[in-house]
Amino acid sequence: MSQLFSPARTRGFLRATAAAVALSSVLLTTSCGAADESGGDAKATAAVPAGFPVTVDNCGVRTTYDRPPSRVVTIHQHPAELMLALGLKDRMVGTAFPDSAVLPELKEDYEAVPELARKEPSFEKVLDAEPDFVYGGYGSAFTEKEGRSRTAFADAGIDTYLNREYCGKKKVTMEDTYDEVRTIGKIFGIPDRADKLVTDLKSRVGRAAGKVEGEPDVPVFVYDSGDKAAFTAGGKSLGTELIRLAGGENVFADLDDVFGDVSWEQVIERRPEVIAVYDYAGAGSVEQKKRFLLSQPALADVPAVRNKRFVVLPLTATLVGIRSAYAVDDLARGLHPESFR
């Protein structure tokens, strides 16, 4: 195999270290917007909303919210999109680390929120936005070695929440997405809104899955990145469930991890009929990835390569967030186009 670009290892590393990040944080019981002793905090004098206080356990950190957060910084795109989908733009004072193009219906609201950094912002940069809540998408949002540990934020009086995908739980499913939406809805005192969004997402998944019901499963190889070896989604990834719901089968569902390396010989042996290409910055463009796969003589007889059958998924669509429901529809259309004619 020729060398085109280095395999992406960021998410694999983050998943392996997420539990360590959580364990390094002490169990916290903090309050959001507590009154100062002088009574000068206007927010503190406001009536406590119905349903509060609310206590949430998240990745080993317990937080009690006296009232919904009012100044939120999101680090990584999928938490930002989830917040916007819940109608919480007015609570957002900063975003960071966009992975891909924002959903069209959320684009205007997303662009209205200040972007603090193209990657993870420094601890000081986050503090400059004066948040009372920081919502991280990957474990790297709260990397201790960069000064952004959850303990550091707690010491600064700022509550934090980490996407449940990085709590050290091995297998990830669509239920994690629905639970994530409901938990954020609980923290912000909008459970009805969260329930409605979950219903909408489930309906989106159900419509797509219904279209391909009864169709034979299509063998799918997930190509994240890599040249000497292929970095792919394993059986514990959300991607595997998305493929299943879309009428396919991940040919590496037996890989006992969320992501991992496989040899090109294994790819050839398993003869995928469709290749799902994950699209995100830092691992080569989609066109580069396609050209690489199509240019390898050893892959020429792989059905997906021979027939040039690719489905492109933004990385954000394969994570615990609202995009996963959209991904089922995109995958189903790519795997069973005849069912959508």
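Because the structure is predicted, anything quoted here is derived from the model rather than measured.
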Colleague: So how far is it from Glu120 CD to Glu146 CD, rounded to the nearest 0.5 Å?
Modeller: 6.5 Å
Colleague: Salt bridge or not for Arg67 and Asp132, using N-O below 4.0 Å?
Modeller: no
Colleague: Would you name the heavy atoms of Gly185 and Leu86 that are closest together and state the gap between them?
Modeller: N-CD1, 4.3 Å
Colleague: What are the two closest non-hydrogen atoms of Leu116 and Pro121, and how far apart are they?
Modeller: CB-CB, 4.3 Å
Colleague: Shortest non-hydrogen contact from Leu245 to Met174?
Modeller: CD1-CG, 3.8 Å
Colleague: Could you give me the CA-CA distance, side-chain angles and deciding distance for Arg204 and Val328, then say whether side-chain contact (heavy atoms from CB on, under 4.5 Å) is met?
Modeller: CA-CA 8 Å; Arg204 183 179 289 272; Val328 175; over 6 Å; no
Colleague: Is it true that the side chains of Thr74 and Thr95 contain a donor and an acceptor less than 3.5 Å apart?
Modeller: no
Colleague: Applying side chain to side chain donor-acceptor pair (under 3.5 Å), run through Asn58 and Arg150 and close with a yes or a no.
Modeller: CA-CA 11 Å; Asn58 169 242; Arg150 298 184 72 175; 2.9 Å; yes
Colleague: Quick check for you: to the nearest 0.5 Å, what is the distance between Leu103 atom CG and Gln77 atom CD?
Modeller: 8.0 Å
Colleague: Check the pair Ser140, Arg148 against side chain to side chain donor-acceptor pair (under 3.5 Å), reporting the backbone distance first and the verdict last.
Modeller: CA-CA 9 Å; Ser140 60; Arg148 289 191 310 273; 5.5 Å; no
Colleague: Tell me, with the steps shown, if Asp179 and Arg182 meet salt bridge (Lys or Arg N to Asp or Glu O under 4.0 Å).
Modeller: CA-CA 5 Å; Asp179 288 345; Arg182 292 191 184 101; 3.6 Å; yes
Colleague: Could you walk me through whether Asp57 and Val61 satisfy the side-chain contact (heavy atoms from CB on, under 4.5 Å) test, starting with their C-alpha distance in whole Å, then the side-chain angles of each, then the deciding distance to 0.1 Å, before giving a yes or no?
Modeller: CA-CA 6 Å; Asp57 291 303; Val61 176; over 6 Å; no
Colleague: Show, in sequence, the C-alpha distance, side-chain angles and deciding distance for Glu111 and Lys107, and conclude whether the salt bridge (Lys or Arg N to Asp or Glu O under 4.0 Å) test is met.
Modeller: CA-CA 6 Å; Glu111 291 177 348; Lys107 187 172 184 290; 2.7 Å; yes
Colleague: Answer with yes or no whether the side chains of Glu115 and Tyr110 bring together a donor and an acceptor at under 3.5 Å.
Modeller: no
Colleague: Step through it carefully: locate the ring centre of Tyr65, locate the ring centre of Phe52, and say whether they are under 6.0 Å apart.
Modeller: no
Colleague: Please evaluate residues Asp99 and Arg323 with respect to the criterion salt bridge (Lys or Arg N to Asp or Glu O under 4.0 Å), reporting the C-alpha separation (whole Å), side-chain torsions for both, the decisive distance (0.1 Å), and the verdict.
Modeller: CA-CA 12 Å; Asp99 283 324; Arg323 287 282 189 103; over 6 Å; no
Colleague: Take Val113 and Val93, measure what side-chain contact (heavy atoms from CB on, under 4.5 Å) needs, and give me the verdict at the end.
Modeller: CA-CA 6 Å; Val113 181; Val93 296; over 6 Å; no
Colleague: If you count every heavy atom of other residues, nucleotides or ligands that lies below 6.0 Å from Lys125 atom NZ, does the total exceed 12?
Modeller: no
Colleague: Identify whether the distance between the nearest side-chain nitrogen and carboxylate oxygen of Lys196 and Asp192 falls below 4.0 Å.
Modeller: no
Colleague: Parallel, tilted or perpendicular for Phe292 and Tyr223, by the 30°/60° rule?
Modeller: parallel
Colleague: Determine whether Phe340 and Leu335 fall in the same hydrophobic cluster, where Ile, Leu, Val, Met, Phe, Trp and Tyr are linked whenever their side-chain heavy atoms lie under 4.5 Å apart.
Modeller: no
Colleague: Go through the steps to decide whether Leu88 and Arg193 satisfy the test side-chain contact (heavy atoms from CB on, under 4.5 Å), and finish with yes or no.
Modeller: CA-CA 10 Å; Leu88 293 169; Arg193 216 182 293 177; 4.2 Å; yes
Colleague: Are Leu162 and Tyr138 in one and the same hydrophobic cluster, where Ile, Leu, Val, Met, Phe, Trp and Tyr link if side-chain heavy atoms are under 4.5 Å apart?
Modeller: yes
Colleague: Can you tell me how far OG of Ser225 sits from CD of Gln288, rounded to the nearest 0.5 angstrom?
Modeller: 12.0 Å
Colleague: Walk me through it: do Ser100 and Thr316 pass the test side chain to side chain donor-acceptor pair (under 3.5 Å)?
Modeller: CA-CA 7 Å; Ser100 56; Thr316 47; 3.1 Å; yes
Colleague: Assess whether side chain to side chain donor-acceptor pair (under 3.5 Å) is satisfied between Thr240 and Ser237, documenting all intermediate values.
Modeller: CA-CA 6 Å; Thr240 292; Ser237 69; 3.3 Å; yes
Colleague: Should Val218 and Val212 be counted in the same cluster of Ile, Leu, Val, Met, Phe, Trp and Tyr side chains packed under 4.5 Å apart?
Modeller: no
Colleague: Say you draw a straight line from CG of Leu127 to CD of Glu124; how long is it, rounded to the nearest 0.5 Å?
Modeller: 6.5 Å
Colleague: Rounded to the nearest 0.5 Å, how far apart are CZ of Phe221 and CZ of Phe310?
Modeller: 10.0 Å
Colleague: Salt bridge or not for Arg341 and Glu338, using N-O below 4.0 Å?
Modeller: no
Colleague: Quick one, Asp329 with Arg333, criterion salt bridge (Lys or Arg N to Asp or Glu O under 4.0 Å). Give me CA distance, side-chain angles, the key distance, then yes/no.
Modeller: CA-CA 6 Å; Asp329 184 75; Arg333 290 174 184 275; 2.9 Å; yes
Colleague: Between atom CZ of Phe188 and atom CE of Met83, what is the distance when rounded to the nearest 0.5 Å?
Modeller: 3.5 Å
Colleague: Looking at every non-hydrogen atom in both residues, tell me the closest pair between Tyr135 and Asn163 and how far apart they are.
Modeller: CE1-N, 4.3 Å
